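All residue numbers in this chain count up from 1 along the given sequence. All values derive from a computational prediction rather than experimental measurement.
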Amino acid sequence: MWTCVKCHQNVNDHLAVCPHCGAARSAGRFSKEIQPQQTPQALYTPDFEHVRAGRGFMLFGAFLAVLLPSVVILAALLCKNSWIGSLYSLLNPEAVMAELGDVRTNILYWALAVAAALLSSLPGLWTVGLGKALRRLNRMEELL
């Protein structure tokens with residue numbers, strides 16, 4: 001019999017994994033007569049149903065990843081005329097009147113709007129990644 005270092009239960013010498021908690025027996029602790037056997041009863045499958053760490057971060061991150069770009073696109077649609085006028089005067093400083101039908105200015109404006117929407121989705125995506133990292137960390141702690 002050997003004692004598990006994690007749950008302190010007595011375990012049969014022929015098992016290399018504790019059937020109670022799944023902790024592995026330390027290497028080099030077997031005599032020549034007793035060798036560990038991997039029986040189907042000794043295999044441990046951890047239960048992750050109770051793991052909830054990181055779910056809130058993932059939900060909040062998904063909410064941010066949708067909300068922030070939609071606010072940026074909405075602002076780009078509502079303030080299009082004034083911002084295109086400013087962008088046109090920036091591109092053509094000698095022009096007195098801004099032409100709203102200028103194709104080059106419209107393409108640049110919408111490219112900048114899409115880039116701003118993509119940049120505004122980053123905080124939400126980082127929060128989702130943090131939630132996934134917390135879930136993995138919690139699972140790794142359970143397997144130790």
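- Closest non-hydrogen pair, T127 versus F57, comes out as CG2-O, 3.3 Å.
- In this structure, S121 and A65 approach most closely via the heavy-atom pair CB-O, 4.0 Å.
- Under the 4.5 Å side-chain heavy-atom criterion for Ile, Leu, Val, Met, Phe, Trp and Tyr, I73 and L64 are members of distinct hydrophobic clusters.
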- Item | Candidate pair M58 and R135, rule side chain to side chain contact (heavy atoms under 4.5 Å, CB included), full reasoning | CA-CA 10 Å; M58 290 174 59; R135 290 189 73 155; 3.7 Å; yes

- Query: Would R55 and F60 count as a side chain to side chain contact (heavy atoms under 4.5 Å, CB included) if you check the C-alpha gap in whole Å, the side-chain angles of each, and the deciding distance to 0.1 Å?
  - Reply: CA-CA 9 Å; R55 283 189 186 170; F60 184 65; over 6 Å; no

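- Heavy-atom minimum distance, V11 versus P19: CG1-CD, 3.8 Å.
- In the hydrophobic clustering of this structure, W83 does not group with L78; members are Ile, Leu, Val, Met, Phe, Trp, Tyr whose side-chain heavy atoms approach within less than 4.5 Å, directly or through other members.
- Between V72 and A117, the shortest heavy-atom distance links the atoms CG1-N, 3.8 Å.
- Minimum interatomic distance between L134 and G54 (heavy atoms only, all atoms of both residues): CB-CA, 4.1 Å.
- When every heavy atom of K80 is checked against every heavy atom of N106, the shortest pair comes out as CE-OD1, 4.1 Å.
- To the nearest 0.5 Å, the span separating CG on L125 from CG on L130 amounts to 12.5 Å.
- The hydrophobic cluster containing L119 does not contain L68, counting ILVMFWY residues as joined when their side-chain heavy atoms lie under 4.5 angstrom apart, directly or transitively.
- For L108, the side chain to side chain contact (heavy atoms under 4.5 Å, CB included) partners at least two apart in sequence or on another chain are L87, L91, L112.
- Taking SG of C18 as the start and NZ of K6 as the end, the distance is 9.0 Å to the nearest 0.5 Å.
- Between the side chain of Y109 and the backbone N or O of A76, at least one donor-acceptor pair lies under 3.5 Å.
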